[in-house]
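As structure tokens, the structure follows; a few thoughts come after it.
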Amino acid sequence: MELDLSPKLAKKVYGGNGGSYHAWSPSELPMLREGNIGAAKLALDKNGFALPRYSDSAKVAYVLQGNGVAGIVLPESEEKVLAIKKGDAIALPFGVVTWWYNEEETELIVLFLGDTSKAHKAGEFTEFFLTGSNGIFTGFSTEFVSRAWDLDENVVKTLVGKQSGNGIVKLDGNFKMPEPKKEHRLGMALNCEEAPLDVDITKGGRVVVLNTNNLPLVGEVGLGADLVRLDGSAMCSPGFSCDSALQVTYIVRGSGRVQVVGVDGRRVLETTLKAGNLFIVPRFFVVSKIASPEGMEWFSIITTPNPIFTHLAGRTSVWKALSPSVLQASFDVDADTEKLFSSKRTSDAIFFPPPN
């Protein structure tokens with residue numbers, strides 16, 4: 001079966017005057033179903049409030065734009081209220097209840113990437129809302145809700161029926177949401193734009209890796225992540241995940257070209273990537289990107305909390321480890337050609353600046 005790896009944009013699922021929720025569908029991006037990966041975006045306008053909900057999938061949230069407030073309740077724990085901003089990554093394990101709020105003029109946009117291997121539908125997130133027109137209370141009879149919370153049935157009818165919104169609502173500008181606490185961010189969020197760089201190549205690119213060392217909760221989620229910023233016309237070395245992990249990539253900013261090579265040396269994808277695109281690299285397939293002159297930035301999740309990659313160029317590439325005679329025999333070339341090949345790309349870089 002031919003793999004369709006073409007990058008896709010998200011489509012609106014629901015929303016109103018408070019904002020909207022968008023998702024990528026496995027019917028349009030089949031690799032979501034193949035890889036058991038879900039992907040969605042939440043966009044909140046000023047005073048937009050995403051009602052409390054939980055999901056059937058563990059996720060990593062990444063703030064693409066704006067500033068806001070997030071409420072997070074881990075199972076049998078107190079509510080954490082976090083101030084969030086562009087560049088923040090938040091690990092959301094199973095059983096987490098979240099709400100999201102934007103009180104600023106700039107739209108707040110949050111990306112969600114996660115594992116759907118235990119979800120109701122492969123490649124899709126299913127959300128369960130605590131309140132609203134499709135909240136869990138609406139499915140129980142008044143008698144059950146009344147007895148469970150020891151409330152008068154008239155009060156129950158108000159609780160269940162008053163909120164007519166579905167998923168996202170717009171609050172009055174004077175409404176006071178809980179104030180975020182600085183200490184609540186500890187261990188819950190990491191700003192990838194401010195974190196120490198794991199890779200920093202002059203005129204090449206920069207990488208921040210999200211793993212169990214800097215955000216331990218990703219261990220519970222079972223996913224790693226990284227933020228990669230590629231400078232104008234620079235190249236990301238061809239490489240592959242050598243621990244059987246899938247890589248799911250969202251283009252945050254800029255544009256560039258990508259090539260993916262798979263089984264039997266076949267190029268299975270060659271296209272231009274643009275901001276808003278999502279694409280998936282299958283296990284062990286080799287991928288390389290070249291940024292446009294404006295550069296390119298992307299956020300990826302990898303389906304293991306501590307991923308390992310093999311790069312095929314640079315001093316630490318597999319080519320540098322192989323013996324000269326093995327290379328000569330493998331390429332069927334003479335010693336001079338092998339030496340020329342081996343003498344190139346002697347740095348540790350995984351990002352290559354554009355040619356002079």
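In what follows, residues are counted from 1 in the order of the sequence shown.
Taking the six-membered ring for Trp, W149 and F137 have ring centres closer than 6.0 Å. Aromatic ring centroids of F331 and F341 lie under 6.0 Å apart.
To the nearest 0.5 Å, the span separating CD1 on I72 from CG on L217 amounts to 8.5 Å. Rounded to the nearest 0.5 Å, atoms CG (L186) and NZ (K181) are 13.0 Å apart. E34 contributes atom CD, which lies 10.0 Å from atom CZ of R283 (distance to the nearest 0.5 angstrom). Separating the CG atom in N67 from the CD atom in E104 is a distance of 4.5 Å, to the nearest 0.5 Å. Distance check, rounded to the nearest 0.5 Å: CG of D334 to CG of D336 gives 5.0 Å.
The environment of F144 atom CZ is sparse: at most 12 non-hydrogen atoms of other residues, nucleotides or ligands sit within 6.0 angstrom.
Considering Q65, E193, E194 in turn, E194 is the only one that fulfils the side-chain hydrogen bond (donor to acceptor under 3.5 Å, both in side chains) rule with K85. For the side-chain contact (heavy atoms from CB on, under 4.5 Å) test with L108, the passing option among D45, V69, I84 is I84; the others fail. Partner of E297 under the salt bridge (charged side-chain N to carboxylate O under 4.0 Å, His left out) criterion, chosen from R206, R229, K274, R253: R253.
Counted by atom type alone, S323 and S325 present zero donor-acceptor pairs between their side chains at under 3.5 Å. Counted by atom type alone, S255 and E294 present one or more donor-acceptor pairs between their side chains at under 3.5 Å.
No single ILVMFWY cluster, assembled from side-chain heavy atoms under 4.5 Å apart, contains both F94 and M188. Cluster annotation: F140 and V97 are assigned to the same hydrophobic cluster (Ile/Leu/Val/Met/Phe/Trp/Tyr, side-chain heavy-atom contacts under 4.5 Å, transitive). Linking Ile, Leu, Val, Met, Phe, Trp and Tyr residues whenever their side-chain heavy atoms come within less than 4.5 Å places L29 and L273 in a single cluster. Hydrophobic clustering of Ile, Leu, Val, Met, Phe, Trp and Tyr side chains at less than 4.5 Å, counting indirect connections, unites L151 with V160.
Ring geometry, F112 versus W100: the interplanar angle exceeds 60°, so the pair is classed perpendicular (tilted spans 30 to 60°). Aromatic ring orientation, W24 versus Y250: perpendicular (interplanar angle above 60°, classes split at 30° and 60°). The aromatic rings of Y14 and F129 lie perpendicular to each other, with more than 60° between the two planes, well past the 30° mark.
A salt bridge links K46 to E105: one of the charged nitrogens lies within less than 4.0 Å of a carboxylate oxygen. Looking at R53 and E127, a side-chain N of the basic residue comes within less than 4.0 Å of a carboxylate O on the acidic one, giving a salt bridge.
L130 has its side chain within reach of Y54: a pair of non-hydrogen atoms, C-beta onward, lies under 4.5 Å apart. For the pair L64 and V252, the minimum side-chain heavy-atom distance is below 4.5 Å. A 4.5 Å side-chain heavy-atom check between I280 and L32 finds at least one atom pair inside the cut-off. At a threshold of 4.5 Å between non-hydrogen side-chain atoms, the residues R185 and D88 count as touching. Residues V248 and L278 meet the side-chain proximity criterion, which asks for heavy atoms closer than 4.5 Å. Annotation: side chain of T271 is in contact with side chain of P7 (closest heavy-atom distance under 4.5 Å). Contact annotation: the side chain of S292 never approaches that of T272 to less than 4.5 Å [non-hydrogen atoms, C-beta and beyond]. At a threshold of 4.5 Å between non-hydrogen side-chain atoms, the residues E179 and V81 do not count as touching.
The backbone N or O of G204 lies less than 3.5 Å from a partner atom in the side chain of D231, making a donor-acceptor pair. In terms of modelled atom types and a separation under 3.5 Å, the side chain of D56 and the main chain of K118 share no donor-acceptor contact.
The shortest heavy-atom contact between P354 and S233 is CB-O, 3.5 Å. Among all heavy-atom pairs drawn from P26 and G123, the shortest one is CG-O, 3.4 Å.
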